[in-house]
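Values below: every heavy atom of this structure, side chains too, minus hydrogens, waters and symmetry copies.
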Amino acid sequence: MTLLKPKIDVVFHALFRKGNEEITKAIIKATTKEKIEKINLDNDRHEIGRYPEEKLGILDLKATLDNGTICNIEIQLADNKDTVERFLFYWSRIYGGQLVKGDDYGKLNKVIGIIIIDYELEKTKEIKELSTKWKITEVLTGKKLELTDVLELYIIEIPKAKEILKKEPTNELAQWVMFLNNPNESEVSKIMNENKEIKEAMNELEKISQDKELRRIAELREKAIRDEQNGLRHAREEGIEEGIEQGIEQVAKEMKKQKYTNEEIQKITKLTIEQIEKL
């Protein structure tokens with residue numbers, strides 16, 4: 001049986017969920033290099049704005065580390081040219097969402113954002129490393145002072161993983177990214193012999209890959225992502241903005257014909273209910 005690809009967001013969330021804390025802790029440690037004893041996982045993917053007109057953000061994974069630090073991980077496969085803005089939006093919703101009316105700002109915990117993208121970011125194309133780490137630092141005096149440690153962002157670029165692993169076969173983050181990208185590749189079988197947490201993740205992936213409903217949703221989600229990428233490519237080549245959403249809307253129309261509910265269509269396409277109803 002062909003295994004589902006963990007880089008598909010619905011599969012990622014099914015794999016790194018409550019009950020699978022050890023493998024989730026392992027991928028966070030491989031990214032941040034921080035010592036982590038335990039984590040608590042939040043299975044709710046939706047970070048809802050406080051007002052109806054605010055954008056709804058959808059997270060792939062949210063975890064609270066043993067020291068109170070909050071960590072969220074997002075998978076982004078299609079390059080919408082808004083990666084940084086999207087990333088900061090998610091970080092800000094989590095950071096500000098810790099407080100309720102009357103709370104002291106001192107209660108705010110550090111928030112680590114990790115985004116795994118299936119393309120090379122324009123800003124980091126010249127950087128060969130698999131991951132980059134971003135913080136707030138002072139730039140005028142040249143003293144490299146950090147304003148605060150509460151903001152920490154990691155950008156991981158999937159296309160760079162294979163080359164990194166060739167040079168550094170024991171690089172744990174590169175091993176994880178290879179697994180996320182395609183667990184069916186022969187390299188991943190070799191990695192499992194060296195990395196017990198990835199072997200554990202593979203065992204769990206084999207179980208969830210037998211779930212017919214998850215397979216159906218994952219296949220539809222992957223098709224929606226491909227259509228979105230094709231729409232984006234068409235928009236850039238032809239200069240037609242409508243091409244960006246054309247592929248996604250076609251998937252939604254096909255699902256409506258097959259009598260899927262609006263909620264199921266939203267889960268796969270990420271369109272709003274209002275957009276779906278207009279199709």
Give a yes or no on whether the backbone of [Y] and the side-chain of [X] come within a donor-acceptor separation of less than 3.5 Å.
X	Y	value
Lys135	Glu146	no
Asp79	Tyr119	no
Ser209	Leu4	yes
Asp9	Ile75	no
Glu277	Thr272	no
Gln76	Ala78	yes

Could you state whether [X] and [Y] fall into the same hydrophobic cluster, counting links through intermediate Ile, Leu, Val, Met, Phe, Trp or Tyr residues with side-chain heavy atoms under 4.5 angstrom apart?
X	Y	answer
Leu165	Ile127	no
Trp134	Trp91	yes
Ile273	Leu220	no
Tyr105	Leu147	yes

Can you list the steps and then say if Glu274 with Lys278 is a salt bridge (charged side-chain N to carboxylate O under 4.0 Å, His left out)? CA-CA 6 Å; Glu274 184 179 2; Lys278 289 179 179 179; 3.6 Å; yes
Quick one: sort the Phe16 and Phe12 rings into parallel, tilted or perpendicular, breaks at 30° and 60°. tilted
Does the side chain of [X] reach to within under 4.5 Å of the side chain of [Y], using non-hydrogen atoms?
X	Y	value
Leu271	Leu279	yes
Arg216	Glu264	yes
Met178	Lys162	yes
Lys33	Lys133	no

For [X], which residues count as a side-chain contact (heavy atoms from CB on, under 4.5 Å) partner, sequence neighbours excluded?
X	result
Ser92	none
Asn20	Arg17, Ile23, Glu204
Asp103	Leu99, Val100, Lys107
Lys223	Arg226, Asp227, Val251, Glu254

Ignoring hydrogens and angles, state whether a donor on the side chain of Thr124 or Glu157 is under 3.5 Å from an acceptor on the partner side chain. yes
Could you pull out all residues at least two apart from Tyr154 that satisfy ring-ring contact (aromatic ring centres under 6.0 Å, His included)? none
Salt bridge (charged side-chain N to carboxylate O under 4.0 Å, His left out) between Glu21 and Lys38, intermediate numbers included: CA-CA 8 Å; Glu21 282 82 3; Lys38 62 180 181 178; over 6 Å; no
What pairs with Lys123 under side chain to side chain donor-acceptor pair (under 3.5 Å), at least two apart in sequence or on another chain? none
Which is it for Glu187 and Lys190 under the salt bridge (charged side-chain N to carboxylate O under 4.0 Å, His left out) test, yes or no, and what are the steps along the way? CA-CA 5 Å; Glu187 289 98 325; Lys190 298 174 184 177; over 6 Å; no
